[in-house]
There are 2 protein chains.
Amino acid sequence: MPRHFLRKLELFTRLSAADRQALEGVVGEKLRRVGPREDIVREGDSASHVSLILDGWACRYKQLEDGRRQIVAFFLPGDLCDTFIDVLREMDQSIGTLTPVTFAEISRDTLGAVAARHPRIMQALWWDTLVSASIQREWTVNLGQRSATERLGHLLCEVFIRLQGVGLTEGDHCVLPTTQADLADAMGLSTVHINRTLQELRGSGLIVLKGRNLTIPDLAALQAASLFTPNYLHLDHVGRHLDAVEPLAV
Amino acid sequence: MPRHFLRKLELFTRLSAADRQALEGVVGEKLRRVGPREDIVREGDSASHVSLILDGWACRYKQLEDGRRQIVAFFLPGDLCDTFIDVLREMDQSIGTLTPVTFAEISRDTLGAVAARHPRIMQALWWDTLVSASIQREWTVNLGQRSATERLGHLLCEVFIRLQGVGLTEGDHCVLPTTQADLADAMGLSTVHINRTLQELRGSGLIVLKGRNLTIPDLAALQAASLFTPNYLHLDHVGRHLDAVEPLAV
DNA sequence: GCTACGAATTAACACACGTGAATTTCTCGA
DNA sequence: TCGAGAAATTCACGTGTGTTAATTCGTAGC
């Protein structure tokens with residue numbers, strides 16, 4: 001069931017059959033399905049649950065008092081939403097869906113128990129968390145320094161490579177189910193300018209975007225044009241770096 | 001010695017005398033002192049060390065190929081630099097000083113051992129990590145949605161309150177040892193525009209900035225003008241939220 | 001196949017912010 | 001006290017991106 005998630009974790013470590021089985025059990029517990037543009041629950045119980053996206057796209061966002069919205073992270077299939085982190089009191093940031101989404105609501109107790117019995121899972125979860133933090137920092141760079149074209153190109157590279165990591169690309173194309181307004185909120189640009197920028201990327205042949213279908217004919221070229229380097233996604237880890245990544249006293 | 005650090009952790013939990021003593025021992029191990037505008041070491045040994053800022057300001061930044069620099073985080077006295085996180089291979093992001101800095105280089109083994117024997121320290125370290133992540137997300141919002149004035153005002157609110165948390169403010173003023181160029185790199189603005197924006201904040205009486213001395217006569221007013229809400233700093237936690245924050249299977 | 005509504009696209013105009021460069025002010029060591 | 005370099009400030013001008021609003025396109029429902 002959580003094949004994207006498993007596939008992602010295996011980018012980093014090798015899971016045993018028992019590991020995989022344990023994770024599948026956990027995911028089966030409580031499945032939820034919601035439509036597009038809905039908020040995934042986060043009050044009260046939020047501290048006790050983690051959400052694992054099985055299908056569809058979601059995002060973490062913050063809404064300012066005057067209505068401006070900033071998307072600070074995209075959640076793709078296989079991503080864990082650490083909803084539990086800071087929603088303790090004020091829940092300043094929310095998690096909402098962009099498309100219809102199927103996700104598993106996992107109680108932290110359950111996940112904690114599994115992780116305790118399966119060290120590799122624990123390590124993989126850690127890796128995932130650290131990568132998410134790294135992505136967050138890269139978004140800061142993206143918003144702070146890159147021009148609209150670079151910025152959007154950078155995002156498309158990231159999304160494509162992340163989707164690739166969970167087996168959701170085919171050759172040089174993938175889906176891009178977001179609205180241009182969603183992209184605008186993520187990039188800190190207006191929808192009009194997102195549109196202009198997409199045209200520009202299309203015009204220079206760096207992307208082909210028809211409806212929800214995105215094709216990147218020459219990923220290396222798009223990367224170069226966007227000053228994108230994939231290192232921050234840390235896909236180059238394979239097992240032996242485990243010890244270096246493992247956090248304090250597990 | 002690590003009084004700022006201890007003070008910060010105690011914002012969140014109550015440490016015993018033994019806890020404090022353990023931390024002080026750890027910090028004494030290896031002190032380092034570097035000048036302004038230097039990089040704090042991060043190769044090879046970086047994965048095995050954590051740096052604790054004792055005095056001075058540092059930052060995490062990324063430099064693009066063409067020279068543009070984005071500061072993605074400020075490290076103030078009492079802050080832990082989780083250098084160990086992603087500098088494993090490519091070390092895409094660096095940590096550098098803004099002023100002369102004194103810091104303790106703590107081996108992760110040592111810190112891990114201490115944390116294992118002192119659960120409250122472990123929890124406090126966790127809290128600190130989660131707050132850092134929350135701040136990072138807020139920076140994304142800041143760069144994406146806020147105007148230059150709001151953005152800079154927001155940063156000043158954040159810095160002031162963080163300094164307050166470690167006892168480095170006096171009444172309504174504190175130091176701001178950064179260069180306008182540093183602020184520019186952090187805010188994704190040009191130095192010229194930082195200057196203009198500072199003038200504007202001065203003009204409206206929201207700040208008084210003379211040399212390195214920053215006064216905020218009416219913090220609430222500055223907060224309002226900057227759409228700042230302190231909730232993301234999670235200073236409202238006191239002990240009893242521990243269980244909710246404690247991460248997976250420690 | 002037609003309707004209706006959201007999404008994408010386009011256009012005209014405004015302005016926040018960037019750029020380059022000169023000038024002034026600070027800082028601090030000799 | 002002076003001088004030199006760094007930081008701050010100011011100016012003139014250019015431009016990337018925002019805003020508003022109209023138009024076209026796509027698509028789901030009837």
Side-chain angles (χ1 to χ4, degrees), chain A residues 35-38 57 64 66-70 97-100 142-156 175-204 207-214 225-226, chain B residues 35-38 57 64 66-70 97-100 142-156 175-204 207-214 225-226:
Chain A
R37 279 153 228 300
E38 290 186 26
W57 286 33
L64 299 188
D66 59 8
R68 282 177 277 178
R69 178 178 78 143
Q70 176 68 39
T97 61
L98 298 171
T99 70
N142 210 17
L143 291 174
Q145 297 298 326
R146 284 187 254 262
S147 71
T149 318
E150 294 166 343
R151 203 184 297 182
L152 189 49
H154 192 279
L155 178 73
L156 296 180
V175 293
L176 185 71
T178 59
T179 267
Q180 291 187 9
D182 294 329
L183 292 177
D185 286 346
M187 300 284 88
L189 297 168
S190 66
T191 59
V192 174
H193 203 63
I194 285 287
N195 190 281
R196 287 196 275 246
T197 307
L198 282 173
Q199 313 272 359
E200 193 187 322
L201 288 172
R202 278 196 270 241
S204 48
I207 68 169
V208 181
L209 181 59
K210 276 183 201 140
R212 323 257 85 144
N213 200 305
L214 169 68
S226 314
Chain B
R37 279 152 229 300
E38 289 187 26
W57 286 34
L64 299 188
D66 59 6
R68 282 177 276 177
R69 177 178 80 143
Q70 175 68 39
T97 60
L98 298 170
T99 69
N142 211 16
L143 290 174
Q145 298 298 327
R146 285 187 254 261
S147 71
T149 318
E150 294 165 343
R151 203 183 297 181
L152 189 49
H154 192 280
L155 177 73
L156 296 180
V175 293
L176 185 72
T178 60
T179 267
Q180 290 188 9
D182 294 328
L183 292 176
D185 286 346
M187 299 286 89
L189 296 167
S190 66
T191 57
V192 173
H193 203 64
I194 285 288
N195 189 280
R196 287 195 274 247
T197 307
L198 283 172
Q199 312 271 0
E200 192 188 324
L201 288 172
R202 279 196 269 240
S204 47
I207 67 170
V208 180
L209 181 59
K210 276 185 200 136
R212 323 258 86 142
N213 201 305
L214 170 68
S226 314

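A, B, ... follow the sequence lines: proteins, then strands. Residue 1 opens every chain.
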> What is the distance from atom CD of A/Q180 to atom OG1 of A/T197, rounded to the nearest 0.5 Å?
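Going from the CD atom of A/Q180 to the OG1 atom of A/T197 covers 9.5 Å.
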
> If the cut-off is 4.0 Å, is A/R212 near the phosphate of C/dA8, judged by side-chain N/O to OP1 or OP2?
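Result: yes.
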
> May I ask you to evaluate whether B/Q199 reaches the phosphate of D/dT10, defined as a side-chain N or O under 4.0 Å from OP1 or OP2?
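For B/Q199, the contact criterion (side-chain N or O under 4.0 Å from OP1 or OP2 of D/dT10) is met.
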
> Using a heavy-atom cut-off of under 4.0 Å over every strand shown, decide if A/R202 touches base, sugar-phosphate, or nothing.
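Sugar-phosphate: the residue A/R202, judged by heavy atoms under 4.0 Å, touches backbone atoms but no base.
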
> Using atom CG of B/L198 as one end and atom P of D/dT9 as the other, report the distance to the nearest whole Å.
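B/L198 atom CG is separated from D/dT9 atom P by 7 Å.
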
> I need the A/L209 CG to A/L201 CG distance, nearest 0.5 Å.
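Between atom CG of A/L209 and atom CG of A/L201 there are 9.5 Å.
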
> Without swapping roles, check the side chain of B/Q145 against the backbone of A/R69 for a donor-acceptor pair under 3.5 Å.
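The answer is yes, because a donor-acceptor pair under 3.5 Å joins these two groups.
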
> Just how far, in rounded Å, is P of D/dG26 from CG of A/L209?
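Those two atoms, CG and P, are 13 Å apart.
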
> For every nucleotide of nucleotides 15-24 of chain D, 5' to 3': is a protein heavy atom under 4.0 Å from its base (B), only from its sugar-phosphate (S), or from neither (-)?
--BBBBB---

> Could you state the CG-P distance from A/D185 to C/dA7, rounded to the nearest angstrom?
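Spelled out: CG on A/D185 to P on C/dA7 is 12 Å.
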
> Quick one: does A/T191's side chain have a donor or acceptor within less than 3.5 Å of a partner on A/A181's backbone?
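No; zero donor-acceptor contacts below 3.5 Å.
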
> Can you find a side chain N or O atom of B/N195 that sits less than 4.0 Å from OP1 or OP2 on D/dT9?
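So the side-chain polar atoms of B/N195 do come within 4.0 Å of the phosphate oxygens OP1 or OP2 of D/dT9, strictly under.
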
> Among B/D185, B/L98, B/T99, exactly one meets side-chain contact (heavy atoms from CB on, under 4.5 Å) together with B/T178. Which residue is that?
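Passing option: B/L98.
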
> Would you kindly give the CD-to-P distance between B/E200 and D/dA8, to the nearest whole Å?
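Taking atom P of D/dA8 as the reference, CD of B/E200 is at 18 Å.
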
> Distance alone, cut at 3.5 Å: any donor-acceptor contact between the side chains of A/R196 and A/H193?
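A/H193 and A/R196 do have a side-chain donor-acceptor pair below 3.5 Å.
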
> How many whole angstroms separate atom CD of B/E150 from atom P of C/dA16?
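About 12 Å, once rounded to whole Å.
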
> Please report the distance, rounded to the nearest Å, between CD in B/Q180 and C1' in D/dA7.
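Those two atoms, CD and C1', are 8 Å apart.
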
> Please check this pair: side chain of B/T179 against backbone of B/D182, looking for a donor-acceptor N/O pair closer than 3.5 Å.
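No.
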
> Round to a whole Å and report the spacing from CG of A/D182 to C1' of C/dG6.
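To the nearest whole Å, that distance equals 13 Å.
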
> Nearest whole angstrom, please: distance from the P of D/dA7 to the CG of B/L183.
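One finds 13 Å between P of D/dA7 and CG of B/L183, rounded.
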
